[in-house]
2 protein chains.
Amino acid sequence: MTPPSRHITLKDLARELGVSTASVSNAFNRPDQLSPRLRERILSEAQRLGYQGPDARARTLRTGRSRIIAVVLAETLTYSLNDAVSSELLTGIAEVLDDHGHTLLLLSGRQPGSRQTSGTASMADGFIVYGLMPSAMLLNELPAQRPLVAVDFNIDGQPMVHIDNEPASHAIACYALATPPRRIGVLALRLTETPCNGRVTEEQPWLTAERTITRARLDGFHRAFEEHGIDPAAVPVWNIEENTHDICAPVIASILDLPDDERPDLLLCMSDRIALTALTLAEQRGLRIPEDLRLTGFDGIAEGQYRSPRLTTVRQDSTEKGRITARMILGLVPAEPSLLATELIVGESCPYRVTFGLTNPATQSLRCTANLGGNGAGRRPLGGVIDRVIEDHADNPLNLDIA
Amino acid sequence: MTPPSRHITLKDLARELGVSTASVSNAFNRPDQLSPRLRERILSEAQRLGYQGPDARARTLRTGRSRIIAVVLAETLTYSLNDAVSSELLTGIAEVLDDHGHTLLLLSGRQPGSRQTSGTASMADGFIVYGLMPSAMLLNELPAQRPLVAVDFNIDGQPMVHIDNEPASHAIACYALATPPRRIGVLALRLTETPCNGRVTEEQPWLTAERTITRARLDGFHRAFEEHGIDPAAVPVWNIEENTHDICAPVIASILDLPDDERPDLLLCMSDRIALTALTLAEQRGLRIPEDLRLTGFDGIAEGQYRSPRLTTVRQDSTEKGRITARMILGLVPAEPSLLATELIVGESCPYRVTFGLTNPATQSLRCTANLGGNGAGRRPLGGVIDRVIEDHADNPLNLDIA
DNA sequence: CTGAAAGCGCTTACAG
DNA sequence: CTGAAAGCGCTTACAG
């Protein structure tokens, strides 16, 4: 009958039914607080009148809970949404939030934070902060006293979820050095305090390990170099400002275009995106992988395994990282520092032993799990060894022995 | 002094300052409504007392506007966040929202929509619905009377943003058929009404063009076939259920493993992901591209252009699609059906003329812009021709003449 | 099991 | 330019 003139509210519905607003509210929120019969009557009448249920805006104000969790991304949304690692993290976060009736609000820390946007931030019940913020500004604009979890970098006094960057980097470098290279190159990601897209010179100050995962990865490489009698200072480092093909390409081109006697034959890359770009550019130049150039990545993104040659890399389970973070922000697990294990994936871009003329490169593959500590083991990365080897091909047993 | 016992509100601040709540509100929201001196006093006192500004939850209830736009994704969030095309769409949406002080809430249409999640949906000021919903259920749960824009599929009575699928598919098929293939295969994406991951049989009913972009793409292929004297019914169609490597791979493997005299030498794929999977599997089998197998994609994602051979494909500007959609939902442009143009990108996976033994495959590349109608040209795809050719390499002029 | 009432924190006509 | 007051739509003790 009465077509909803404009907008029907809980109060209207209660009046229409001749019951109290409390009963209508309970019909939707607390079935145990009223008789099934009344509840049924309320719900069916609601449907008939086109009442969709209590307004989230009012519920939020009243209860103080919006069921929204904000993810504050250090990078631009453009980057974060198109990067495999951030996407996986968001996937894990979204999965857990969804399972618990929460939704995901995306915020970017890159723009200064117009008052409007940071005002909206105060809708969220909690905050997940991913990656190093360009400035502390945005963090200050976040409402205090609400739960916050940091991912991949440290905020004083806040719980943190991260991976064992230093041991993982150490492990993959040791693995690669098992076949002695002639010349090594390191490709770092946002290592320097001031932007630098290219060869890093001695005088450039580096970010501290507290502030960037890159530093911890470099520390792992350097420890491996020292253990193999290589002077870390003698290994050139190139820096990449953003983990995208377009930014990587010129730096890598400059390396690959070096004369044969200066070009590294082993590139340790701090991300799979960097390694994949190097792979593409190397192929374009007719360089043979792995004979002329060996490459290692970091992250273990799908794209690196769905092509030939596959990347040798460290796999981090970003999805699981997201899940843990989300559980923490929802209070499903204690908000304690959490450290995730990583896994060494051996592909053809840097095989265990470089063998020429293999007919089927797949037989060179194996997968190693680096059980380096795992969750909740404290804030500091643990030392550890690769202690398990899973072979893809039983007919080609290999034993890795990497300290 | 008085450390904020728990939580300071606008009212507290007004009392502390001896001004009305209206003045405090105006200090934050409407600078022109009070003297600069008073505003200054209010803002500095706010800062001193740790008042972060008006609470978004209360503002939202009072004003009826949350500055949140929800994107309802037909696929799971896992898929959408990891798929290049959806990511680009979200990127475009986020960019415009951000510029206008709005934020992005992600919802998935895949799960039935627990009451909690769909309750939260009612926070949003507007809805962007992307892709065909598995059921109409979720749409009904969305609050009526709030703006809604559909992307890539039709909801009766709602504005829609989409691309010219049929003409674009027609164009790329005509282009590929310029070199006569021996056998063609079509790889479709979610074409059938009931799930089918593999060869499509005659009796399987197809979704209508209204409901899926796939159908329009197939129609474009078929028109091209007919124009080239090929009976569409004689061209086999394989269906892919999800646009991911893992789901594509077995279907494509089954095609590539056909005997030489049954295997297609031209695969028209409805997405770049499908084409890239085919490329990888073909390479693993030692098939030469393009001599043994030519491939075309659809979408123009970066991954298809950052490898060798590059994909021949139709580029759609998903980012721009997102921008237009976001402007529409914010009311910055009229909420009218919008049709975006696409572009034919010619890579080495299906070159213009198949020439054997080219030393530099890059010289075979060119790029064609298919100006097929553009924005706001009405709800139905327009016919049209590729009317502009941009050459990557001036030393290798090519003229395309595709009707 | 049900109903009357307070109040979440804000914005906005409106009167001064 | 400023202040007093209503009310956005709901939830939740609390009394019955």
Side-chain angles (χ1 to χ4, degrees), chain A residues 4-42 46 49-67 115-116 119-120 122-123 125 143 145-146, chain B residues 4-42 46 49-67 115-116 119-125 143 145-146:
Chain A
S5 63
R6 199 90 200 113
H7 180 68
I8 180 166
T9 68
L10 183 145
K11 206 170 163 186
D12 299 332
L13 183 58
R15 196 184 326 105
E16 198 82 13
L17 280 157
V19 302
S20 75
T21 58
S23 294
V24 178
S25 175
N26 286 333
F28 283 96
N29 300 318
R30 309 210 233 153
D32 55 311
Q33 297 293 302
L34 77 175
S35 68
R37 232 181 115 254
L38 179 58
R39 175 158 193 257
E40 198 51 49
R41 191 160 78 89
I42 292 173
L49 293 176
Y51 179 69
Q52 310 243 24
D55 185 296
R57 303 163 154 174
R59 174 172 43 63
T60 293
L61 175 58
R62 178 59 235 232
T63 63
R65 306 205 46 229
S66 61
R67 290 176 190 154
R115 182 166 313 282
Q116 294 193 340
T120 306
S122 70
M123 290 276 348
D125 293 338
Q145 325 230 12
R146 272 186 231 173
Chain B
S5 63
R6 198 89 201 114
H7 180 70
I8 181 167
T9 68
L10 183 145
K11 205 170 163 185
D12 299 333
L13 183 58
R15 195 183 326 104
E16 197 83 10
L17 280 157
V19 301
S20 76
T21 58
S23 294
V24 178
S25 175
N26 287 332
F28 283 96
N29 301 318
R30 309 210 235 152
D32 54 313
Q33 296 294 304
L34 76 176
S35 67
R37 233 182 112 253
L38 178 57
R39 175 158 193 257
E40 199 51 48
R41 192 160 78 90
I42 291 173
L49 294 176
Y51 179 69
Q52 309 242 25
D55 185 297
R57 303 163 153 175
R59 173 172 43 64
T60 293
L61 175 59
R62 177 60 235 227
T63 63
R65 307 205 45 228
S66 61
R67 289 175 189 153
R115 184 164 311 283
Q116 294 192 340
T120 306
S122 70
M123 289 277 348
D125 293 339
Q145 324 230 13
R146 272 185 233 174

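Within every chain, numbering begins at 1; the chains are lettered A, B, ... in the order of the sequence lines, protein sequences first and strands thereafter.
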Give a yes/no answer on whether the side chain of [X] brings an N or O atom under 4.0 Å of OP1 or OP2 in [N].
| X | N | result |
| --- | --- | --- |
| A:S25 | D:dT11 | yes |
| A:N29 | D:dT11 | yes |
| B:R30 | C:dT12 | yes |
| B:T63 | C:dT12 | no |

From [atom1] of [X] over to [atom2] of [N], roughly how many Å is that when rounded to an integer?
| X | N | atom1 | atom2 | value |
| --- | --- | --- | --- | --- |
| B:N26 | C:dG9 | CG | P | 20 Å |
| A:Q33 | D:dC14 | CD | P | 14 Å |
| A:R62 | C:dC10 | CZ | C1' | 15 Å |
| A:R15 | C:dG3 | CZ | P | 15 Å |
| B:R59 | C:dC8 | CZ | P | 19 Å |
| A:D55 | C:dC8 | CG | P | 19 Å |
| A:R65 | C:dC8 | CZ | P | 19 Å |
| A:L61 | C:dC10 | CG | P | 9 Å |

For [X], answer base if it contacts any base atom (sugar-phosphate contacts may also be present), sugar-phosphate if it contacts only those atoms, and nothing otherwise; contact means non-hydrogen atoms under 4.0 Å.
| X | answer |
| --- | --- |
| A:L34 | sugar-phosphate |
| A:D32 | sugar-phosphate |
| A:T21 | base |

**Asked** What distance, rounded to whole Å, do you find between the two P atoms, one in C:dA6 and one in C:dT2?
**Response** 23 Å

**Request:** Could you please name the partner base of D:dT2, counting Watson-Crick and G-U wobble pairs only when both distances are under 3.5 Å?
**Result:** C:dA15

